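Encoded as structure tokens, the structure appears first; notes follow it.
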2 protein chains.
Amino acid sequence: MASDYVPPVDDYRFLFGEAFGVDLPARSTGGAFTAEDATEIVAGAGEFAASVLAPLETIGDREGARLEDGQVRLPAGFTEAYQAFVEAGWVSAEAPESAGGDGLPGSIRAGLGEIWNASNAAFALCWLLTAGQIHALDAVASDEIRETYLTRLVSGEWTGTMNLTEPDAGTDLGAIRTIATPRPDGSWGVSGQKIFITWGDHDVAENIVHLVLARTPDAPAGAKGLSLFVVPKFLPDTSGAPGERNAVTTVALEHKLGIHGSPTCVLAYEDATGYLVGEVGGGLAGMFVMMNSARAGMGFQATGISDRAYQQAVAYAGDRRQGAVLDRPAGAPIAEHPDVRRLLLSMQSRLFAMRALGVYVGDLFDRAATDGTGALAEFFVPILKGWATEDAVALTSDAIQVHGGMGFIEETGVAQHYRDARIMPIYEGTTAIQSNDLIGRKVIRDGGATAETLFALIGENVETLRGLEHEVAARTADRLERAVDAARRATASLLGFGMTRNAYGVSVPYLMLLGTLAGGWMHGLAVAAVLAHATPDAADAARLVSADFYGAHHLPRVHMLAETVAAGEVA
Amino acid sequence: MASDYVPPVDDYRFLFGEAFGVDLPARSTGGAFTAEDATEIVAGAGEFAASVLAPLETIGDREGARLEDGQVRLPAGFTEAYQAFVEAGWVSAEAPESAGGDGLPGSIRAGLGEIWNASNAAFALCWLLTAGQIHALDAVASDEIRETYLTRLVSGEWTGTMNLTEPDAGTDLGAIRTIATPRPDGSWGVSGQKIFITWGDHDVAENIVHLVLARTPDAPAGAKGLSLFVVPKFLPDTSGAPGERNAVTTVALEHKLGIHGSPTCVLAYEDATGYLVGEVGGGLAGMFVMMNSARAGMGFQATGISDRAYQQAVAYAGDRRQGAVLDRPAGAPIAEHPDVRRLLLSMQSRLFAMRALGVYVGDLFDRAATDGTGALAEFFVPILKGWATEDAVALTSDAIQVHGGMGFIEETGVAQHYRDARIMPIYEGTTAIQSNDLIGRKVIRDGGATAETLFALIGENVETLRGLEHEVAARTADRLERAVDAARRATASLLGFGMTRNAYGVSVPYLMLLGTLAGGWMHGLAVAAVLAHATPDAADAARLVSADFYGAHHLPRVHMLAETVAAGEVA
């Protein structure tokens with residue numbers, strides 16, 4: 001059984017209002033939402049998640065989704081949970097005002113994203129895909145499609161899916177073969193097979209909107225020939241209510257390592273009725289909006305699954321007693337054993353780093369519209385997605401290790417997080433895809449200018465830390481300074497390689513280097529914020545230990561990776 | 001489905017006869033077995049494993065072991081495979097001559113251990129535990145027990161188990177509560193509950209010999225009060241044939257993350273008849289022989305599971321085509337994509353390192369009896385167990401990544417290796433237990449003398465490499481020299497800490513540092529051996545790339561870990 005879920009409200013209070021030296025929500029909404037409001041929203045979400053979504057996590061894993069007579073059924077409780085989620089307004093909380101949503105700032109939405117995923121990652125995928133489609137349609141859809149589809153996605157009446165992958169077109173979207181043929185009435189007939197479609201069918205809402213990349217007749221080869229279509233499961237009648245069944249069927253449901261509660265479908269489109277979104281041949285523009293949203297969402301999922309695994313490890317280690325503990329009184333729990341403590345701190349310090357970076361990136365996207373930080377925001381998307389998901393896999397493995405032999409027993413529940421986590425570095429673009437995006441579009445193309453912006457920001461934090469006269473601040477400053485030096489050297493190596501195999505052969509190590517560095521920076525900011533307190537409390541002291549641990553155990557990875565990057569492809 | 005299994009015969013030929021600059025089997029057997037003999041034995045084992053054991057791996061995972069009316073049943077085919085394994089002589093191949101076995105040198109047994117585990121890790125556990133019990137009984141049992149039990153274990157008629165863990169006594173053996181009470185006839189009545197008993201019951205052989213740690217009445221508290229007993233499932237009759245059912249029952253079978261084909265039992269002993277092995281109160285002596293054997297065995301299991309995952313990744317990446325590959329002709333498989341190539345080399349270079357270290361350690365134990373390398377052999381047991389199993393988990397994760405989305409689908413088969421691998425850093429002593437053994441008994445106790453022996457050996461390799469005038473040799477020498485410097489600094493840090501929380505808080509990083517370094521050394525030896533060839537072939541070239549890759553991607557971890565070790569416990 002998964003353990004109870006306790007939402008990390010204090011961390012979010014700290015991140016919204018203190019860690020970045022400013023009230024993030026207030027800055028990006030002109031005071032409409034303050035850090036205190038944001039904390040309340042996150043606390044409310046946490047309460048809902050803990051009471052409604054978390055209890056379904058184990059049942060989702062054990063029962064899984066089932067395909068019965070062409071209809072996917074979710075385990076008992078999922079439909080009620082989804083309806084409660086909608087009624088509580090958590091779908092519209094994700095949507096921008098332009099789409100009729102609440103227009104919450106990105107920092108808050110980062111917190112919500114974590115919480116849905118922590119309490120029930122399989123369930124959260126339904127929300128995550130719908131949210132991504134909301135952002136995509138809001139960016140590129142016509143008024144007609146907005147009215148029929150977007151409004152019903154925002155209200156939560158309908159859910160959304162993302163249809164890219166085909167058996168021979170995964171990473172390579174240019175190979176997509178699904179065809180959309182224009183019809184006299186302005187609709188399109190969509191035919192082809194899509195695989196790995198998350199929440200591609202289900203019974204928790206009345207309709208499903210598939211956002212489908214397809215090729216039009218006579219379209220040019222490759223990605224430029226792709227257009228985007230909405231293909232509803234049920235065709236809306238004249239009132240907009242779900243009517244006739246469309247010609248899209250679920251031909252199979254995958255049997256997966258994890259996220260069993262999330263139905264992964266093979267969908268067959270047989271002259272299904274679709275409607276064009278955006279321009280013919282401009283399909284990638286809308287899909288990129290959805291992908292960017294989903295990729296950032298993966299950062300929040302990584303944080304969420306990590307927190308759940310961490311909480312379960314903490315609960316076990318605090319409860320379990322085994323053997324005498326060095327320098328601790330008799331009866332001390334295993335959490336006090338030096339190596340169990342190391343594992344817990346290793347998990348917690350990584351978790352804080354990814355959580356903080358998620359909030360930071362969410363906020364950056366708000367600022368991008370006004371203060372020119374757009375390049376930095378885009379820069380961080382592949383880093384957050386790639387680094388946080390890879391680290392989350394390692395972190396869930398640590399959670400098993402804390403449990404010893406019990407960790408390998410499925411009833412304990414911690415193995416589920418390990419199984420669930422493993423898909424994250426793969427879907428929404430593998431870590432290699434993220435790293436190629438990073439080095440190609442975001443480092444080499446601008447000659448390292450955006451990377452240098454980041455390094456300069458970290459340099460400012462180093463200066464601040466140096467002025468604080470505290471041993472943890474001093475150590476953190478030294479470590480960050482050396483790490484930034486290594487990152488500059490690695491960036492120079494990469495720029496020297498140019499877009500060659502030497503660069504692509506070390507793109508993942510480079511991405512992990514920047515993620516690890518960014519995590520250290522988040523801790524550096526936390527140290528500075530904590531030391532501004534006149535009378536530090538126990539939570540403050542814990543933040544200093546966490547930062548110091550990250551600096552001793554995780555940040556040195558930057559040096560290892562810089563050496564790897566410098567070597568280029570080994571041939 | 002797991003892929004076909006191809007035994008790594010060429011690697012073993014190289015390791016037996018070339019890599020260490022000497023014919024290992026010939027040296028340790030006075031010429032009774034040469035490297036060529038050894039290679040033939042391994043090839044024969046590989047053929048058997050590929051044809052008989054490997055085909056059962058998937059069925060073992062899917063069907064798993066079942067508990068029916070108190071009797072554990074294995075999936076179809078396991079009994080026939082076990083009988084074929086016995087008839088082919090593979091159980092007696094593990095046993096020393098003193099126990100009536102073949103007396104194969106440790107280097108060959110390392111190869112066999114890998115092969116059984118690669119082809120079917122769940123099946124191999126039956127062999128691994130039986131082998132461990134053979135070594136334990138051979139070391140400490142009376143003639144009577146040797147005659148009744150040891151001979152039948154060596155013949156393969158009966159199998160063995162290892163009974164340590166209880167619900168409140170896992171890592172802490174001193175907390176064992178199972179009681180053995182002496183009876184007038186010289187036997188003992190054993191009562192208690194043991195958990196996590198691998199192959200604790202099954203139907204593939206006619207009898208099972210449980211080797212049980214239990215407390216005798218009035219025994220002192222803690223580990224010194226423990227004695228060792230053999231408790232057979234069926235009591236041998238006067239002819240030694242399995243007779244009356246003993247009072248040991250399987251009360252439950254665990255539902256695990258992996259190794260489903262290996263039954264993990266909860267055993268209840270209710271005044272079961274047992275026979276004392278060794279002295280009263282001397283139970284740990286015999287159990288330590290079994291544990292040492294099982295721990296080294298885990299190194300071979302780590303190598304085996306890693307190779308199987310690697311082979312599956314290679315097969316997929318060589319077959320799958322997706323998108324254009326930079327600087328490669330059209331239609332190149334994804335194995336040629338720079339990051340897929342990186343993943344494959346990352347796996348292969350780690351795999352070679354652990355395989356080579358397994359052979360080296362197997363050989364060290366042979367030499368220990370004659371040339372005083374015993375301390376070094378014992379030094380390497382926790383390193384091989386801890387480092388190889390941790391790396392194997394990472395390696396099986398890489399194998400999933402190579403498959404992209406298909407890696408998450410259970411039918412692909414690669415996820416099984418990832419699930420199976422996760423128990424290895426836990427059972428037979430967690431990585432923390434290995435690292436505490438390493439730093440406490442094997443580094444701090446002798447003031448770092450054995451560690452320095454290792455560093456000096458690596459230094460000799462560095463000198464050899466420097467004399468070879470080849471760029472890979474030169475790079476490898478530089479990298480190894482810097483790595484040894486870092487390892488010396490880390491060892492000095494540890495010795496400075498003494499047996500305090502500062503040392504135990506970084507014991508796992510220290511173990512991983514030494515394992516990573518030892519892996520680099522193995523590659524350094526391989527480079528020297530390859531460059532001695534007058535006309536290097538493609539396999540030689542591949543060994544150089546592998547060593548160079550390990551030096552660029554894995555060996556730098558030593559520097560990261562040295563920084564971590566220097567920090568001590570973060571408090």
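Reckoned from all heavy atoms, side chains included, excluding hydrogens, waters and symmetry mates. Model, not experiment: these values are computed from the prediction. Residue numbering restarts at 1 for every chain, and letters A, B, ... go by the order of the sequence lines.
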Item to check | Atom group of A:R341 that falls short of 4.5 Å from chain B, counting heavy atoms | outcome: side chain
Checklist entry - Who among A:R342, A:H559, A:Q322 has the most heavy-atom pairs with chain B under 4.5 Å? => result A:Q322
Checklist entry - Taking A:M406, A:R328, A:M499 one by one, which has the highest count of heavy-atom pairs under 4.5 Å against chain B? => result A:R328
Checklist entry - Contact part of A:L345 toward chain B, heavy-atom cut-off under 4.5 Å: side chain, backbone, both or neither? => result side chain
Checklist entry - Taking every heavy-atom pair that is under 4.5 Å apart, which of A:A567, A:A566, A:P425 has the most such pairs with chain B? => result A:P425
Next on the checklist: Using modelled atom types and a 3.5 Å cut-off, is there a donor and acceptor pairing between side-chain atoms of A:S546 and backbone atoms of A:A542?
Outcome noted: no
Checklist entry - Does B:R177 CZ have over 12 foreign heavy atoms under 6.0 Å away? => result no
Checklist entry - If you measure from the Lys or Arg side-chain nitrogens to the Asp or Glu carboxylate oxygens, is any gap between A:D548 and A:R479 under 4.0 Å? => result yes
Checklist entry - For chain B, which of A:R501, A:H255, A:K256 has the most heavy-atom pairs under 4.5 Å? => result A:R501
Checklist entry - So, for A:A317 and A:V340, which heavy atoms are closest and what is the spacing to 0.1 Å? => result CB-CG1, 3.9 Å
Checklist entry - For the candidates A:T430, A:N502, A:V558, A:V508, which exhibits the highest count of non-hydrogen atom pairs separated by less than 4.5 Å from chain B? => result A:V508
Checklist entry - Out of B:A324, B:G407, B:G405, B:A541, which one racks up the most heavy-atom pairs below 4.5 Å with chain A? => result B:G405
Checklist entry - What part of A:A175 lies closer than 4.5 angstrom to a heavy atom of chain B: side chain, backbone, both or neither? => result neither
Checklist outcome for this item: Per-residue tally against chain A (heavy atom, under 4.5 Å) across B:T165, B:I409, B:L555, B:V506 peaks at B:I409
Item to check | Minimum heavy-atom distance A:A547-A:V527, with the two atoms named | outcome: CB-CG2, 3.3 Å
Item to check | Top contributor to chain A contacts, counting heavy-atom pairs under 4.5 Å, from B:P338, B:G568, B:A571, B:G505 | outcome: B:P338
Checklist entry - When you check the side-chain N and O atoms of A:R422 and B:Q401, is any donor under 3.5 Å from an acceptor? => result yes
Next on the checklist: If you count heavy-atom pairs within less than 4.5 Å of chain A, which of B:H403, B:E336, B:H337 leads?
Outcome noted: B:E336
Item to check | Aromatic ring proximity, centroids under 6.0 angstrom, A:Y418 and B:Y418 | outcome: yes
Next on the checklist: Is A:F196 in contact with chain B via its backbone, its side chain, both, or neither, using a 4.5 Å heavy-atom distance?
Outcome noted: side chain
Checklist entry - Looking at A:R475, A:R482, A:H554, which has the largest count of heavy-atom pairs under 4.5 Å with chain B? => result A:R482
Checklist outcome for this item: In terms of heavy-atom pairs under 4.5 Å with chain A, the winner among B:R321, B:R320, B:H553 is B:H553
Next on the checklist: With a 4.5 angstrom heavy-atom cut-off, is it the side chain or the backbone of A:T264 that approaches chain B, or both, or neither?
Outcome noted: neither
Checklist entry - Quick check: does any side chain N or O of A:D420 sit under 3.5 Å from a backbone N or O of A:I259, one acting as donor and the other as acceptor? => result yes
Item to check | A:T171 to A:I433 - nearest heavy-atom pair and separation | outcome: CG2-CD1, 3.0 Å
Checklist entry - Do you know which of B:L544, B:T564, B:L257 has the most heavy-atom pairs under 4.5 Å to chain A? => result B:L257
Checklist entry - Using 4.0 Å as the upper bound for N to carboxylate O, is an ion pair formed by A:R419 and A:E410? => result yes
Checklist entry - At their closest point, which heavy atom of A:D172 faces which heavy atom of B:G323, and how far apart are they? => result OD2-CA, 3.2 Å
